[in-house]
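All of these numbers come straight from a predicted model, not from anything done at the bench. We count ligands from 1, going down the list as the structure has it; atoms in each ligand are counted the same way.
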Amino acid sequence: MIKQAIIPLAGLGTRMLPLTSVMPKELLPINGKPNLEYILEECLNAGIKEFIFIISRKKKSIKKYFFNDNFYKKIIKKKKDKRIIEEYKKIKKYQKMIKFVYQNNPKGTGDAVLRCKKFIKDKFFLMLLPDDLIIKHNCSKEMIRLHKITNGSVIATKRVERKTVSRWGILSFNNKKKSYFQIKDVVEKPNIKKAPSNFAIIGRYILTSKIFDEIKRLKPGQGGEIHITDAIKSLIHKNNKFYGNIFKGKYLDCGTLSGYIKSGIKINKGEK
Ligand code: G1P
């Protein structure tokens, strides 16, 4: 059973400046709700019971968002507003589920995952990158289903335009079924000539806890960061099974300013 989800939240959000100069990108509202809450709802719906947030000193406001009890208590005492009471109840529920770890220097997704090692209890866990929203169909739920069938690790994937391959982790495979395939190899942000396919990694992963030892062995890769893609590559080369899940939902890129603006409009138009 997959019960724990880790969510890297320590990134600087430079692609979203100036909005992120004072506000973490994960708290920016999309159609009236912080980006991060969409991610948490997807997890709750997929049966996740515990969240591990990787934050940094600079992003403590994420902790405050979920642990601002005195503020809520005072307001509720004064106003007895039904909507605020409901919001507070929701936040109290999340409080019981969230643990925090710190990554004060942005050293990459691999480094972020490694920091969660002490909290991971089972053989497999879920990781979600909050820049990537997937609406209409619950992607995490689909992936957990595929994990149950294959007993392997799972990565969300989507066909992207060939000219954009250098923006993504790219997967290679031999045989493709309708909604999934076994992954033969992965490469982080290849140039167009070297890309083995145009199936991109989207930010949902079911990972084996064997990944921690693999990350420890890694040297910094692209941009001097420790990439989770490189640890996945080593595991695949050691015959660990990874599957690409071609998800049904609609992908919204919230990691760039233009993507973020479009996502708000699409959700508002009722694409959900
Ligand atoms: C990260 C991963 C990349 C993946 C992408 C999905 O890149 O490293 O493999 O394709 O997320 O959004 P980033 O968006 O952090 O540059």
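Scanning all protein heavy atoms for the shortest distance to atom 14 (O) of ligand 1 gives R167 NH1, 3.3 Å. Summary of contacts: the protein heavy atom closest to atom 13 (P) of ligand 1 is K189 NZ, 3.6 Å. From the protein, the heavy atom lying nearest to atom 8 (O) of ligand 1 is E188 OE2, 2.7 Å.
Checked options K59, K33, K63; the residue passing with E26 is K59 (criterion: salt bridge (Lys or Arg N to Asp or Glu O under 4.0 Å)).
Ligand 1 places these atoms under 4.0 Å from at least one heavy atom of G169: 3 (C), 4 (C), 9 (O), 10 (O). Within the listing of ligand 1, atoms 9 (O) sit less than 4.0 angstrom from a heavy atom of T229. Shown in contact with D132 at under 4.0 Å from a heavy atom are these atoms of ligand 1, numbered in order with element: 6 (C), 12 (O). Each of the following atoms of ligand 1 lies closer than 4.0 Å to a heavy atom of L129: 1 (C), 11 (O).
Ion pairing of E87 with K90 is present here, as a side-chain N (NZ or NE/NH1/NH2) and a carboxylate O approach within less than 4.0 Å. The residues E214 and K238 are annotated as salt-bridged, a charged nitrogen and a carboxylate oxygen being separated by less than 4.0 angstrom.
The 12-atom threshold is exceeded at CG of N191, counting heavy atoms of other residues, nucleotides or ligands nearer than 6.0 Å.
Contact annotation: D131 has no heavy atom less than 4.0 Å from any atom of ligand 1. The shortest heavy-atom distance from H227 to ligand 1 is not under 4.0 Å. Remark: distances from the non-hydrogen atoms of T109 to ligand 1 are all 4.0 Å or more. Contact analysis puts R15 in contact with ligand 1, with a non-hydrogen atom separation below 4.0 angstrom.
Using cut-offs of 30° and 60° on the angle between ring planes, the pair F173 and F199 is perpendicular. Classified by interplanar angle (parallel below 30°, tilted 30° to 60°, perpendicular above 60°), the ring pair Y72/Y88 is parallel.
E142 places a side-chain N or O within 3.5 Å of a backbone atom of K248 that can act as its donor or acceptor partner.
At least one N/O-N/O distance between I201 and ligand 1 falls below 3.5 Å. Looking at ligand 1, you won't find any N or O of G203 less than 3.5 Å from one of its N or O atoms.
Between the side chains of Q222 and D230, not a single donor N or O lies within less than 3.5 Å of an accepting N or O.
With Y260 as the aromatic partner, K25 does not meet the cation-pi criteria of under 6.0 angstrom to the ring centre and within 45 degrees of the ring axis.
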